[in-house]
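Heavy atoms only: backbone and side chains are in, while hydrogens, waters and symmetry mates are out. Every chain is numbered from 1, with letters handed out A, B, ... down the list of sequences.
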2 protein chains.
Amino acid sequence: MPKPTQDDANAPKLTINDIAALAGVSKKTVSRVINQSPLLNQATREKVEAVIRDTGYTPNPQARALALGRNFLIGLVYDNPNQQMILNMQRGALEALHDTEFELVIRPVDRGSAKVMDDIRSFIVRQRLYGVIILPPLSENDAIARICSEEGCRYVRMGSAVLDDPEHMVVSNDREAVAEAVRHLIQQGHKRIGLIAGPHGFRSAKERREGFELALSEAGISLPRSLIADGQYTFESGVSACESLLDLSPRPTAIFASNDEMAAGVLYAARLRGIEVPDQLSIIGFDDTPITSRVWPPLTTVRWPIVAMGRAAALKLIGTAIGEGADVSEPSTFTSTLIRRASVAPPPQG
Amino acid sequence: MPKPTQDDANAPKLTINDIAALAGVSKKTVSRVINQSPLLNQATREKVEAVIRDTGYTPNPQARALALGRNFLIGLVYDNPNQQMILNMQRGALEALHDTEFELVIRPVDRGSAKVMDDIRSFIVRQRLYGVIILPPLSENDAIARICSEEGCRYVRMGSAVLDDPEHMVVSNDREAVAEAVRHLIQQGHKRIGLIAGPHGFRSAKERREGFELALSEAGISLPRSLIADGQYTFESGVSACESLLDLSPRPTAIFASNDEMAAGVLYAARLRGIEVPDQLSIIGFDDTPITSRVWPPLTTVRWPIVAMGRAAALKLIGTAIGEGADVSEPSTFTSTLIRRASVAPPPQG
DNA sequence: CTCCGATCTGACACCGGTGTCCAAAACGGA
DNA sequence: TCCGTTTTGGACACCGGTGTCAGATCGGAG
C-alpha cells in the first residue's frame, strides 16, 4: 500500500495541519508552540498545547530533521576500548536521553584505519547528528573536534585530562585517583610496587602512570624501570605483564594494574605460580567493573564513575535543547574513589 | 547562520539536482538509479552512476525518510538481561550494518512498566524505523510482534525456541546444548547434579531446565526437587542458590548454572566454604562470557553464538534491502557448543 | 475617534528526496 | 514509409515540518 491508509484504527497519524485545524490556527502557529517561540500570545499557546495534549500529537522527526537540517540523534563514537566502559557509557547517556526526543545511535569505528576521520565525518554529515559523544582514546584526537566544528555538530569528548577545548570535555581525574590508590599501598608498608601501564597513545594510560609515579616520589620511593611493565588493557596482556614482574628478584610485593581486566590477569598469573593474594602479593586495579567482585579474592580497585560521566556528556549535548544550560560551558570533572576489597594486605615479613 | 553557506570548502553538500544537472538527466532519473528501479536504460544508469561515484554524492537520509515514510534506522530493543549479551548482540548487528546505509539505535525499555508496549510502539512509529531487533525476554511477548505488524515495521525476535512466528525469529537451541553439557557431567560419573535455574518468565530458563531434565532422564537419573534452585541470572543469585544446594546432604557433586554469571557465583560460594573446584565440585555455566576464562579455575561452559545471531538478525532485516534475500523467510537456528575448561572433573570417590 | 507602534499571525516558499502520470522516443511489423 | 506498442524521461505534486515577511490585531496616546 503506497498510500498510507488514513483509517488505521490505532494510528491516527496526526499532522501539524490537523492540530492547526483543531485549534483554529495556522500550522505555523502550531510550529511556534512546538518550538517554544517566545513571540506568541499566551492564550494561543495554551489553546494549542491543550489540543496537542488531547490528541497525543508528536511532530514527525523526519520532517523536522529535513527542515532544520539537523536530526534528533546523538551519536556515540568509539573505537574499541574496554567493553564494560562502552556499556556503562551507553547506560549513562541513555539515562540522560530517556524521555527526551533524542535517540542514541552507536557507532564503533576502526582507529587505525586510514579513513577513520572520513568515516566519522560522513557519519555526522549524513545523519545530520545533533551531537556526538566521543570516547577515549579517539577523543584524544583533536582532528575529530575539528571535524565536528567544521560540520557544525555539537560534541563532547570523554577523557582522563582536560585537553585543548575544555568546554567540550567530560573528564575524570585519573592521575589523582591512582596516586590515592598507590598511597594506600604505601601506607600498608609496600615499597616494591609494580605498575602495569596501559597502551601507548592512551591518555588515560599516561595519566594513570603519572599518578603512580607521583605517589611514589612523594614517599621518596625510587622506581626502577624494571618495575614498569607494558600492558594493552586486556586480560591476556595483564597476565604476561605480571609474569615479567614476578620474574624479578626480589619481586614486587604489590602491583597496580591500569585497569581491572589487567588486574584480573595479575591475579590469574599469581595463581598460576601459586602466589597467594593478598598475603604474598597485593593488587589494585582501575575501573570497578563487575569482574572485580566475581574473582577471588575480590579486587581492590578505583571506581571510575563512567555512568555518571556518560549522563553528563549527554546532558551537556542536549542541555540547551531542554532548557538546562547550567554549567554547559565548563569542563565537567569527575573524581574516582578507591574501593577497598580484599586484594590488598601488608607486604610479607622479611 | 540559518541559511547553509554553499561555499563550505569541505562540504559541497550535493543535492540530487546537482547530480541530475551533471549527468544531463532529470532528478527523477537519478532517483531511479538510486532506488534501483528496473525500468531504466543501462547506458543512462551507468552514466548517472559514474557521476555519483565521481562526486561522492550520497542522498540525504532525512529527505528520503520523509518521502518514503521510513527511516534507515534499525532499533535494538531490550530489557535488562545479561549485559555481555547486549554488547555481543550489538557487535553482531553492527557488523552486519557496517558499510550499509543503516544505523543502529539502541533502546532499553522497562519490562514491568505498564506502558512498555506504548513506549515501544511510539519508538517505532516516531522514528519510522526500518526494522527492530527484539532481545529476550521481551522477544517472547507476542504483543510486540503484533505492534510491529500493525505499524508495518519489520522485526526479528531473538530467542531460545521457535515461537509462533518462525519467519521472524533467530533462535539458539538451548535445550539440546544444555542436555549435551549435562551428558558430559554424567559421563564423568556425576549422579547428584544440581541445577540453578533462570528466572520464571524467561523462555531461555525454561529451555535450559528442560535440557537439564532431558539428559538426566535419558541416563535414568532421578531428579529430586531439592536439587533445583531458583536463580535470577545474576552473580548474587548464583551465590545464594549455590549455598542452598551446598546445604544439602549429601551435597551435589556437580552444578549446572543456567548462565555464566551464576556459574561464577557458584564458584565464589564454593570457595567461601573451602570446597575445591573441580575436585570436590564440578561446575558448568552457559554463555561463554569473558568471565569464564578470568576466574580460577576457568569455567567449562556452553558457548552461545550470540554475535553470529546478532549478525543474522540484522541481515534478516536488511537482507531484502541489500539484495540478499536468501533464507530470510525461515527461522535461523544456531547451535551452541560445549567449551571444556577446567571446572569439571570426575566426582570425588565415595 | 483616529492613528501608531509593537505584537501576533498566516500565506508561501522551501528542505531534498519520491510517486504519479503523461509525453516523447525507440522499436518492430505491415 | 507509417503506425502502434513498449520503453524511457520529466513535470508536478507531495511527504510534514520550518523560515521569511507582509499583513492583521491590539492597546494606548493624541
- [ ] Test side-chain contact (heavy atoms from CB on, under 4.5 Å) on A:Y57 and A:I16 and set out the steps.
- [x] CA-CA 8 Å; A:Y57 163 76; A:I16 196 171; 3.6 Å; yes
Open item on the list: Whether the side chain of B:R128 and the base of D:dG16 hold a donor-acceptor pair under 3.5 Å is what I'd like checked.
Closed with: no
Open item on the list: So does A:F123 get a backbone contact from the side chain of A:R126, meaning a donor-acceptor N/O pair under 3.5 Å?
Closed with: no
Task: Between P of D:dC15 and CG of B:N71, the distance in whole Å - done: 18 Å
TODO: On the 0 to 90° scale, with breaks at 30° and 60°, tag the A:F102-A:Y130 ring pair as parallel, tilted or perpendicular.
DONE: perpendicular
TODO: Could you list by number each residue of residues 58-66 of chain B showing a heavy-atom separation from DNA chain C of less than 4.0 Å, or answer none if no residue does?
DONE: B:P59, B:N60, B:A63, B:R64, B:L66
Task: Salt-bridge contact A:E140-A:R203 (side-chain N to carboxylate O under 4.0 Å) - done: no
Task: Donor-acceptor pair under 3.5 Å, B:K27 side chain vs C:dG17 base - done: yes
Task: Basic-acidic side-chain contact under 4.0 Å: A:R121, A:E150 - done: yes
Task: Sidechain-backbone polar pair: A:T100 side chain, A:A96 backbone, donor-acceptor under 3.5 Å - done: no
Open item on the list: Tell me the interatomic distance from A:E101, atom CD, to D:dG17, atom C1', rounded to whole angstroms.
Closed with: 13 Å
Open item on the list: Could you check whether the side chain of B:R32 and the base of C:dG19 have a donor-acceptor pair of N or O atoms closer than 3.5 Å, going by distance alone?
Closed with: no
Task: Pairs meeting criterion side-chain hydrogen bond (donor to acceptor under 3.5 Å, both in side chains) with involvement of residues 59-68 of chain B, two or more places apart - done: B:N35-B:R64, B:R64-B:E101
TODO: Considering just the side-chain nitrogens and oxygens of B:T44, establish if one lies under 4.0 Å of OP1 or OP2 belonging to D:dT8.
DONE: no
Task: Rounded distance (nearest 0.5 Å) linking atom CG of A:L97 with atom CG of A:L73 - done: 9.5 Å
Open item on the list: Once you apply a heavy-atom cut-off of 4.0 Å, does A:V25 come out as touching a base, just sugar-phosphate, or nothing?
Closed with: sugar-phosphate
TODO: Mind checking A:N17 for me? I need base, sugar-phosphate or nothing, with any heavy atom below 4.0 Å counting as a touch.
DONE: nothing
- [ ] For B:L68 and C:dG19, give me the distance from atom CG to atom C1', rounded to whole Å.
- [x] 10 Å
Task: B:T29 side chain near D:dT8 phosphate (N/O to OP1/OP2, under 4.0 Å) - done: no
- [ ] With the side chain of B:K28 defined as its heavy atoms from C-beta on, choose the nearest nucleotide among C:dT20, D:dC15, C:dT9.
- [x] C:dT20
- [ ] Output yes when at least one side-chain N/O atom of A:Y57 is less than 4.0 Å from OP1 or OP2 of D:dG16, else no.
- [x] no
Task: Selection from C:dG10, D:dG9, C:dT18 that lies nearest to any side-chain heavy atom of B:N35 - done: C:dT18
Task: Short side-chain N/O contact from A:T15 to OP1 or OP2 of D:dG16, under 4.0 Å - done: no
Task: Whether B:D18 side chain and B:T15 backbone form a donor-acceptor pair below 3.5 Å - done: yes
- [ ] Answer yes or no: does a side-chain N or O of B:S31 lie under 4.0 Å from OP1 or OP2 of C:dG17?
- [x] no
Open item on the list: With side-chain hydrogen bond (donor to acceptor under 3.5 Å, both in side chains) as the test, pick out the partner of B:R157 among B:N141, B:D164, B:D165.
Closed with: B:D165
Task: Terminal helix-axis angle for the helix from C:dC1-D:dG30 to C:dA30-D:dT1, with five pairs defining each axis and rounding to 10 degrees - done: 60°
